[in-house]
Q: 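Got a structure for you, written out below as structure tokens; questions coming shortly.
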Amino acid sequence: MISEKAEVSTKAKIGKNVTIYPFAYIEDDVEIGDDCVIYPYVSIMNGTRMGVGNKVFQNTVLGAVPQDFNYKGDASKLIIGDGNVFRENVVINRATFADGQTVIGNRNFLMEGVHVSHDTKIGHVNVFGYGTKIGGDCIIGDRVIFSSGVIANPGARVGDAAMIQSGSRFSKDVPPFIVATDNPVRYGGVNRVILENYKVSEKIIAHIANAYRLVFHGQTSVFDAVLQIEQQVPDGSEVRKIIDFIRSTKLGIIGKI
């Protein structure tokens with residue numbers, strides 16, 4: 001299943017039933033799990049650890065050297081889970097330092113031209129639209145949708161089941177369950193479609209909406225709004241996730257000073 005025209009290091013660890021097409025390039029310190037498909041002109045660089053059932057399309061580069069002036073040649077890592085799809089021209093950088101990792105979870109779909117920078121951590125079942133750029137040290141949750149042309153600046157976080165609309169740029173955190181839209185980026189409401197798809201009840205969606213009404217439309221600080229959420233909105237796992245996310249922010253949240 002490995003083309004004679006592919007350049008695959010004899011030191012690389014290749015699992016069972018892996019297909020590697022002509023002109024792929026795979027370096028020494030690489031591990032590829034079972035049932036992966038590597039299309040022509042893919043480059044998989046040192047430090048890449050890939051799980052099972054991934055598909056990597058033409059001209060993608062996995063484990064690229066970090067575009068970070070702090071990188072001094074450390075043997076750092078890119079860790080990829082299972083069932084991901086990397087479409088054409090995707091670039092993912094490994095971590096800057098030996099004790100760091102860039103992490104891609106399971107069942108993510110990265111469309112053409114996506115770039116994920118060093119030390120970013122991405123969860124599961126996310127979609128990244130055409131030309132999306134994720135800066136270094138970002139943290140992306142689960143079931144997040146990035147439309148095309150989104151830019152996440154370094155260090156930003158995105159909570160679970162959020163949606164970032166096309167062309168938006170953000171340097172602050174995007175809380176869970178919301179739609180982020182426009183430039184400057186702002187709160188565009190609760191991400192009802194995704195919540196309904198995951199069988200979240202109308203009652204819980206209403207609680208989420210009430211929580212964000214206090215955060216984005218109240219006349220208090222964000223952290224006073226969190227206190228109001230605790231006092232006024234019935235507790236539950238989704239509401240608690242909102243509270244914990246906001247309280248742990250270091251950059252602040254979008255749309256708020």
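Remember, it's a predicted structure, so these values are computed and weren't measured experimentally.
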Q: Between Asp160 (side chain only) and Asp142 (backbone N and O only), is there a donor and an acceptor less than 3.5 Å apart?
A: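 At least one qualifying donor-acceptor pair exists.
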
Q: Taking C-beta and beyond as the side chain, do Ile92 and Leu110 meet within less than 4.5 Å on heavy atoms?
A: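 Yes - at least one pair of side-chain heavy atoms lies under 4.5 Å apart.
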
Q: Are a donor atom and an acceptor atom from the side chains of Asn59 and Glu88 found within less than 3.5 Å of each other?
A: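 There is no such pair (donor and acceptor under 3.5 Å, judged by atom type) between the side chains of Asn59 and Glu88.
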
Q: Test your reading of the model: is there a side-chain donor-acceptor pair from Asp119 to the backbone of Gly100, 3.5 Å cut-off?
A: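 Answer holds: no.
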
Q: Quick one: does Glu27's side chain have a donor or acceptor within less than 3.5 Å of a partner on Asn46's backbone?
A: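 Yes, because the side chain of Glu27 sits within donor-acceptor range (under 3.5 Å) of the backbone of Asn46.
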
Q: In terms of hydrophobic clusters joined by side-chain contacts under 4.5 Å, are Ile145 and Ile254 together?
A: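 Different clusters: Ile145 never reaches Ile254 through Ile, Leu, Val, Met, Phe, Trp or Tyr contacts under 4.5 Å.
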
Q: Which heavy atom in Arg49 sits nearest to a heavy atom in Lys77, and how many Å separate them?
A: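 For Arg49 versus Lys77, the nearest heavy atoms are NH2-CE, 3.4 Å.
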
Q: Kindly compute the distance separating CD1 (Ile194) from CD (Glu196), expressed to the nearest 0.5 Å.
A: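 Answer rounded to 0.5 Å: 10.0 Å.
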
Q: Within the distance-only criterion (no hydrogens, no angle test), does the side chain of Lys133 pair as donor or acceptor with the backbone N or O of Gly113 below 3.5 angstrom?
A: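 Looks like yes, one N/O pair under 3.5 Å.
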
Q: Kindly compute the distance separating CG (Asp82) from CG (Asn106), expressed to the nearest 0.5 Å.
A: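 The CG atom of Asp82 sits 5.0 Å away from the CG atom of Asn106.
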
Q: In the structure I gave you, are the side-chain heavy atoms of Lys203 and Pro234 within less than 4.5 Å of one another anywhere?
A: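 Counting from C-beta outward, Lys203 and Pro234 never come under 4.5 Å.
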
Q: Is any side-chain heavy atom of Val193 closer than 4.5 Å to a side-chain heavy atom of Met163?
A: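 Sidechains of Met163 and Val193: no contact.
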
Q: Is there a path of hydrophobic side-chain contacts, each under 4.5 Å between heavy atoms of I, L, V, M, F, W or Y residues, that connects Ile253 with Ile243?
A: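 The answer is yes; both residues are in one hydrophobic cluster.
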
Q: Can a donor-acceptor pair be found, under 3.5 Å and without considering hydrogens, that links the side chain of Asn89 to the backbone of Thr60?
A: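 No, the answer is negative, given that no donor and acceptor are paired below the 3.5 Å cut-off.
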
Q: With respect to Asp244, which candidate in Arg240, Arg247, Lys241 satisfies the side chain to side chain contact (heavy atoms under 4.5 Å, CB included) definition?
A: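 Of the listed options, the one satisfying the test is Arg240.
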
Q: Looking only at non-hydrogen atoms, find the nearest pair between Asp137 and Thr120 and report the distance.
A: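 Closest approach of Asp137 to Thr120, heavy atoms only: N-OG1, 3.4 Å.
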
Q: Can you establish whether the number of heavy atoms outside Tyr130 located under 6.0 Å from its atom OH is more than 12?
A: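 Counting neighbours around OH of Tyr130, 12 or fewer heavy atoms of other residues, nucleotides or ligands fall under 6.0 Å, so no.
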
Q: Heavy atoms, side chains only, cut-off 4.5 Å: are Tyr198 and Val125 in contact?
A: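 A side-chain contact exists here, since the closest heavy-atom pair is under 4.5 Å.
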
Q: Met111, Val56: one ILVMFWY side-chain cluster at the under-4.5 Å cut-off?
A: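 No, it is not one cluster - the side chains of Met111 and Val56 are not joined through contacts under 4.5 Å.
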
Q: Once you measure the plane-to-plane angle for Phe216 and Tyr187, does it fall in the parallel (<30°), tilted (30-60°) or perpendicular (>60°) bin?
A: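 The arrangement is parallel - the two ring planes meet at less than 30°.
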
Q: Got a sec: does the NZ of Lys121 have more than 12 other heavy atoms crowding it under 6.0 Å?
A: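 Yes, the 6.0 Å shell around NZ holds more than 12 heavy atoms from other groups.
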
Q: If we ignore hydrogens and angles and just use 3.5 Å, is the side chain of Lys250 paired with the main-chain N or O of Gly155 as donor and acceptor?
A: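 Not at all, since once roles are kept as given, no pair shorter than 3.5 Å links the two residues.
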
Q: Let me know which of Asn126, Ile151, Val158, Val127 forms a side chain to side chain contact (heavy atoms under 4.5 Å, CB included) with Phe146.
A: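 Answer to the side chain to side chain contact (heavy atoms under 4.5 Å, CB included) test with Phe146 among Asn126, Ile151, Val158, Val127: Val158.
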
Q: Regarding Thr96 and Asp68, do their side chains bring together a donor and an acceptor under 3.5 Å, going by distance alone?
A: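 Yes.
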
Q: Check whether any side-chain N or O of Thr249 sits under 3.5 Å from a backbone N or O of Ile246 as a donor-acceptor pair, and report yes or no.
A: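 The answer is no, because no donor-acceptor pair under 3.5 Å joins these two groups.
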
Q: Going only through I, L, V, M, F, W and Y residues with side-chain contacts under 4.5 Å, is there a path from Val42 to Val18?
A: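 Yes; Val18 is reachable from Val42 via cluster members.
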
Q: Is any side-chain heavy atom of Arg192 closer than 4.5 Å to a side-chain heavy atom of Ile205?
A: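 Contact flag for Arg192/Ile205 side chains = yes.
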
Q: Quick one: are His118 and Tyr71 in side-chain contact, heavy atoms under 4.5 Å?
A: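 They are not in side-chain contact.
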
Q: If hydrophobic clusters are built by linking Ile, Leu, Val, Met, Phe, Trp and Tyr wherever their side-chain heavy atoms come under 4.5 Å apart, do Phe245 and Tyr212 end up in the same one?
A: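 Result: no, two separate clusters.
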
Q: Can you tell me how far the CG atom of Leu251 sits from the CZ atom of Phe170, to the nearest 0.5 Å?
A: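 With rounding to 0.5 Å, CG (Leu251) is 10.5 Å from CZ (Phe170).
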
Q: Could you give the distance from CD (Glu238) to CD1 (Ile204), rounded to the nearest 0.5 Å?
A: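 Reported value, rounded in 0.5 Å steps: 5.5 Å.
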
Q: Just so I know, are the side chains of Gln232 and Asn210 near enough to count as touching, which here means a heavy-atom distance under 4.5 Å?
A: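 Sidechains of Asn210 and Gln232: no contact.
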
Q: For Tyr41, look at atom OH and say whether over 12 heavy atoms of other residues, nucleotides or ligands are found less than 6.0 Å away.
A: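 Incorrect, the count does not exceed 12.
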
Q: Search all heavy atoms of Asn84 against all heavy atoms of Gly105 and return the closest pair with its distance.
A: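 Reported closest heavy-atom pair: ND2-O, 2.8 Å.
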
Q: Between the main-chain N or O of Cys36 and the side-chain N or O of Asn54, is there a donor-acceptor pair closer than 3.5 Å?
A: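 Judged by distance alone, no pair lies under 3.5 Å.
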
Q: Drop me the distance from Phe86's CZ to Ile44's CD1, to the nearest 0.5 angstrom.
A: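 Atom-to-atom, Phe86:CZ and Ile44:CD1 are 9.0 Å apart.
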
Q: At their closest point, which heavy atom of Ile38 faces which heavy atom of Ala24, and how far apart are they?
A: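 So the minimum-distance heavy-atom pair works out to CG2-CB, 4.1 Å.
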
Q: So Val30 and Met45, do their side chains get closer than 4.5 Å, heavy atoms only?
A: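 Not touching, per the 4.5 Å side-chain cut-off.
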
Q: Quick one: pull up CZ in Arg94 and CG in Asp29 and give me the separation to the nearest 0.5 Å.
A: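 Spacing of CZ (Arg94) from CG (Asp29) equals 8.5 Å.
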
Q: Give the table of side-chain donor-acceptor pairs shorter than 3.5 Å for residues 2-16, with sequence neighbours excluded, one pair per line with atom names and distance.
A:
from: Ser3; atom 1: OG; to: Lys5; atom 2: N; distance (Å): 3.0
from: Ser9; atom 1: OG; to: Lys11; atom 2: N; distance (Å): 3.0
from: Ser9; atom 1: OG; to: Asp28; atom 2: OD1; distance (Å): 2.6

Q: Please check if the side chain of Ser117 supplies one atom and the backbone of Ile134 the other of a donor-acceptor pair under 3.5 Å.
A: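 A pair under 3.5 Å: yes.
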
Q: Tell me if a side-chain donor or acceptor on Asn191 pairs with a main-chain N or O of Ala161 at a distance below 3.5 Å.
A: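 At least one qualifying donor-acceptor pair exists.
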
Q: In terms of side-chain heavy atoms, does Asp34 have a donor or acceptor partner in Asn17 at a distance below 3.5 Å?
A: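 On atom types as modelled, these side chains do not qualify, holding no pair under 3.5 Å.
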
Q: Relative to the ring of Tyr39, is the ring of Phe57 parallel (under 30°), tilted (30 to 60°) or perpendicular (over 60°)?
A: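 Ring orientation of Phe57 relative to Tyr39: parallel.
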
Q: Give me the one residue out of Ile140, Val103, Ile122 that meets side chain to side chain contact (heavy atoms under 4.5 Å, CB included) with Val116.
A: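 Exactly one candidate clears the test, Ile122.
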
